[in-house]
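Please read the structure below before turning to the comments.
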Amino acid sequence: MAQKPSIPKGTRDFSPVEMVKRNYIFDTVRKVFQKYGYLPIETPAMENLSTLMGKYGEEGDKLLFKILNSGDFLSKADSNALDEKASNRVMNQISEKGLRYDLTVPFARYVVQHQNDITFPFKRYQIQPVWRADRPQKGRYREFFQCDVDVVGSNSLLNEVELIQVVEEVYNLLNINVALKINNRKILSGIAEIIGASDQIVDITVAIDKLDKIGLEKVNEELAAKGLSEQAINMIQPVILLSGTNSEKLASLKGTLASSEIGLKGIAELEKVFAYCEHLNLKLEVELDLTLARGLNYYTGAIFEVKAKDVAIGSITGGGRYDDLTGIFGLKDVSGVGISFGADRIYDVMNQLELFPLNDGVRTKVLFVNFGGEDELYATTAIKRIREVGINAEFFPDETKIQKQMNYANKKNIPFVVLTGEKERAEGEYTLKNMLSGEQLHLSIEKLIETLKD
RNA sequence: GUGAUUGUAGCUCAGUUGGUUAGAGCGCUAGAUUGUGGUUCUAGAGGUCGCCGGUUCGAGACCGGUCUUUCACCCCA
């Protein structure tokens with residue numbers, strides 16, 4: 001047992017059964033992304049730490065996987081820092097690369113680096129794994145796949161609306177019941193502004209994000225613990241407890257935020273997005289949720305989150321608008337908006353609800369039993385013709401007992417088996433066995449292909 | 001990072017207050033069946049009880065550490 005190999009905590013192997021299902025998800029989102037004009041890119045698994053650090057907040061920095069420098073890295077490190085066991089100082093000297101934490105920041109880096117080759121607005125999608133060093137738990141892995149779609153170089157709210165359409169179409173195709181929650185960072189900023197706590201917007205959003213989980217009282221306690229005055233906490237109560245339809249909520253907010261220019265701008269943005277969605281007659285449930293904050297500190301406008309309605313697993317898609325992400329890398333005034341589909345959580349949801357269709361396209365339809373000798377060529381020739389018409393076929397590579405070969409077909413769920421021994425070869429025919437019914441037919445090659453086609 | 005929790009055959013799990021040679025079901029291999037799988041019958045293989053250390057005459061069981069699993073918190077897809 002001790003010698004048994006293993007994989008790192010929070011990572012997983014994907015066997016054929018799982019990969020067929022995973023690819024179904026990837027193929028579906030890819031198809032939708034392309035339909036809306038997004039094109040694929042890929043970026044390296046590792047980035048320079050300077051690219052990654054400081055983009056995800058303090059918490060995010062801790063969750064970055066760092067890669068040790070090559071060679072005798074310790075001899076180049078500051079011996080004082082080593083003696084003092086000052087992890088942070090030592091880390092800077094022995095590691096300059098890290099595994100990417102998401103796809104958005106590497107994308108911003110990509111946009112800046114390739115700005116002269118890119119035509120804006122630039123619409124791209126990216127389906128790759130990301131890594132986070134937090135403790136695995138339900139629906140949380142250390143290595144997982146994100147499917148990102150982003151548009152950069154356009155301020156238009158049409159992009160927000162389009163992404164909502166993408167969400168609707170993807171989950172419609174996958175047959176998952178979802179609700180999209182939307183908020184706007186500008187409204188949150190407005191709220192912080194009117195209570196005179198603009199610098200504490202992150203604390204405030206993090207706290208009110210927990211309303212569902214811990215309840216109003218605890219949220220208020222947390223706000224107080226963060227140093228908000230009683231008066232300030234009182235002022236935001238109506239905001240936290242806002243209810244009604246989206247337009248009712250917005251109307252009420254307009255009153256509360258009347259004196260905040262930025263707050264009103266956020267409201268106007270949401271109004272337009274809602275209006276367009278209504279016009280397009282989207283079936284997707286889109287709900288304004290002021291408790292939706294999201295920790296990432298680079299969002300500046302819309303914030304999205306999608307939850308599966310039938311499974312409790314946290315959000316399965318998230319995103320938002322970021323006005324100045326490329327600014328950190330030296331390219332000003334490029335606004336972007338994007339969302340990320342969490343493939344692994346979507347998989348978990350679909351698996352739990354048994355939503356995966358039988359995927360016949362990836363299954364072998366017919367197995368030829370190997371009789372060896374001259375029969376091998378006879379079979380190989382027939383298999384070539386069967387494959388030419390697009391039917392998945394395989395030939396058992398070794399001449400072993402038929403029992404074993406039949407069993408192989410059985411285990412792989414192959415619906416048809418062809419027997420081509422001396423008898424068949426002499427008659428120029430093929431014995432086709434239906435593995436479900438057990439029925440056997442003697443057929444010419446033409447009839448065989450015809451039968452396998454339907 | 002904090003607090004719990006799990007680990008015995010390939011898989012799912014039994015294993016009494018510490019006591020001889022650690023079991024079951026499923027799966028696997030072989031045979032019954034030399035051109036027929038999925039059913040049935042028979043036989044067989046497969047374990048350093050996660051790892052390291054400690055207590056004891058004696059540890060799968062008790063203690064410490066470590067890794068792993070699962071879950072909550074923080075945070076997040």
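Letters go in sequence order (proteins before strands), and every chain restarts at 1.
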Under 4.0 Å between a Lys/Arg side-chain N and an Asp/Glu carboxylate O for A:Asp344 and A:Arg22?
-> yes
Could you tell me whether A:Lys31 and A:Glu169 make a salt bridge, using a distance below 4.0 angstrom between a side-chain N and a carboxylate O?
-> no
Mark yes when over 12 heavy atoms from residues, nucleotides or ligands other than A:Lys309 sit less than 6.0 Å from its NZ; otherwise mark no.
-> yes
Ignoring the backbone of A:Asp134, work out which of B:C75, B:U69, B:G27 is nearest its side chain.
-> B:C75
Please list, for nucleotides 42-46 of chain B, all pairs of protein and nucleotide N/O atoms separated by less than 3.5 Å.
none

In Watson-Crick or G-U wobble terms, both distances under 3.5 Å, what is the partner of B:C62?
-> B:G54
Is there a donor on the side chain of A:Gln405 or the base of B:U36 sitting less than 3.5 Å from an acceptor on the other?
-> no
Which part of the nucleic acid, if any, lies within reach of A:Leu419 when heavy atoms closer than 4.0 Å are counted: base, sugar-phosphate only, or nothing?
-> base
Between atom CG in A:Leu436 and atom C1' in B:G37, what is the gap in whole Å?
-> 12 Å
Could you please name the option among B:U36, B:C76, B:C75 that lies closest to any side-chain atom of A:Leu63?
-> B:C75
What nucleic acid atoms does A:Glu424 come within less than 4.0 Å of, heavy atoms only: base, sugar-phosphate, or nothing?
-> base
Any ion pair linking A:Lys123 and A:Glu162 (charged N to carboxylate O, less than 4.0 Å)?
-> yes
Quote, to the nearest angstrom, the P distance that separates B:C52 from B:A9.
-> 16 Å
Between B:C49 and B:U8, how far apart are the P atoms? Round to whole Å, please.
-> 11 Å
Expressed in whole Å, how much space separates the C1' atoms belonging to B:C76 and B:U17?
-> 47 Å
Could you check whether A:Ile313 gets within reach of a base, just the sugar-phosphate, or nothing at all, counting any heavy atom under 4.0 Å?
-> nothing
Using a heavy-atom cut-off of under 4.0 Å over every strand shown, decide if A:Lys401 touches base, sugar-phosphate, or nothing.
-> sugar-phosphate
Give A:Tyr408 one of three labels, base, sugar-phosphate or nothing, depending on what nucleic acid heavy atoms sit under 4.0 Å from its own.
-> nothing
Check the distance between B:C75's P and A:Leu292's CG and give it to me in whole angstrom.
-> 14 Å
Consider the side chain of A:Thr431, meaning its heavy atoms from C-beta on, and name the nucleotide among B:G35, B:G37, B:A77 that approaches it most closely.
-> B:G35
To the nearest angstrom, the CZ-P distance between A:Arg12 and B:U68 comes to 16 Å
Could you tell me whether the phosphate oxygens of B:U2, OP1 or OP2, come under 4.0 Å of any side-chain nitrogen or oxygen in A:Lys62?
-> no
Same-atom distance (P) from B:U16 to B:G23, integer angstrom | 14 Å
A:Ile402 side chain, from C-beta outward: closest of B:G37, B:A77, B:G35 | B:G35
Salt-bridge contact A:Lys62-A:Asp134 (side-chain N to carboxylate O under 4.0 Å) | no
Please step through side chain to side chain contact (heavy atoms under 4.5 Å, CB included) for the pair A:Gln237 and A:Ile233, ending with a clear verdict.
-> CA-CA 6 Å; A:Gln237 292 307 297; A:Ile233 293 174; 3.3 Å; yes
Separation of the P atoms in B:C62 and B:A14, to the nearest angstrom = 15 Å
Are the ring of A:Phe144 and the base ring of B:A77 both nearer than 5.5 Å at their centres and tilted by less than 30°?
-> yes
Shorter than 3.5 Å, N or O on both sides, protein versus nucleotides 70-73 of chain B: list them out with atom names.
unit_1 : atom_1 : unit_2   : atom_2 : d
B:C71  : OP2    : A:Lys138 : N      : 2.8
B:A72  : OP2    : A:Gln137 : OE1    : 2.6

Here the distance between atom P of B:C75 and atom CZ of A:Phe65, to the nearest Å, is 20 Å
On RNA chain B, nearest-nucleotide positions of A:Gln146 versus A:Lys9: which is more 5'?
-> A:Lys9
What integer distance in Å separates A:Lys412:NZ from B:G38:P?
-> 18 Å
Nucleotide B:C76, atom P - distance to NZ of A:Lys307 in whole Å = 13 Å
Going through the checks in order, is the ring-ring contact (aromatic ring centres under 6.0 Å, His included) test met by A:Tyr347 and A:Phe14?
-> CA-CA 12 Å; A:Tyr347 177 95; A:Phe14 301 114; 7.4 Å; no
Atom C1', compared across B:U2 and B:G58: separation rounded to whole Å = 39 Å
To the nearest 0.5 Å, tell me how far A:Thr420 OG1 sits from A:Arg425 CZ.
-> 9.0 Å
Matching residue for A:Val306 among A:Leu284, A:Ile339, A:Val178 - test: side chain to side chain contact (heavy atoms under 4.5 Å, CB included) | A:Val178
Inter-nucleotide P distance (B:A22, B:U48), Å rounded | 12 Å
Got a donor-acceptor contact below 3.5 angstrom from the A:Asn246 side chain to the A:Leu288 backbone?
-> yes
Euclidean distance, A:Arg363 CZ relative to A:Asn392 CG, rounded to 0.5 Å | 10.0 Å
Nearest-angstrom distance from the residue atom CH2 of A:Trp131 to P of B:C75 = 25 Å
Roughly how many Å is it from CG in A:Asn407 to P in B:G31, rounded to a whole number?
-> 13 Å
Same-atom distance (C1') from B:A59 to B:G64, integer angstrom | 15 Å
Does A:Arg12 come within less than 4.0 Å of A:Glu18, counting only side-chain N to carboxylate O?
-> no
Under-3.5 Å donor-acceptor pair between A:Lys433 side chain and B:U36 base | yes
A:Gly438 near the nucleic acid: base, sugar-phosphate alone, or nothing, with a heavy-atom cut-off under 4.0 Å?
-> base
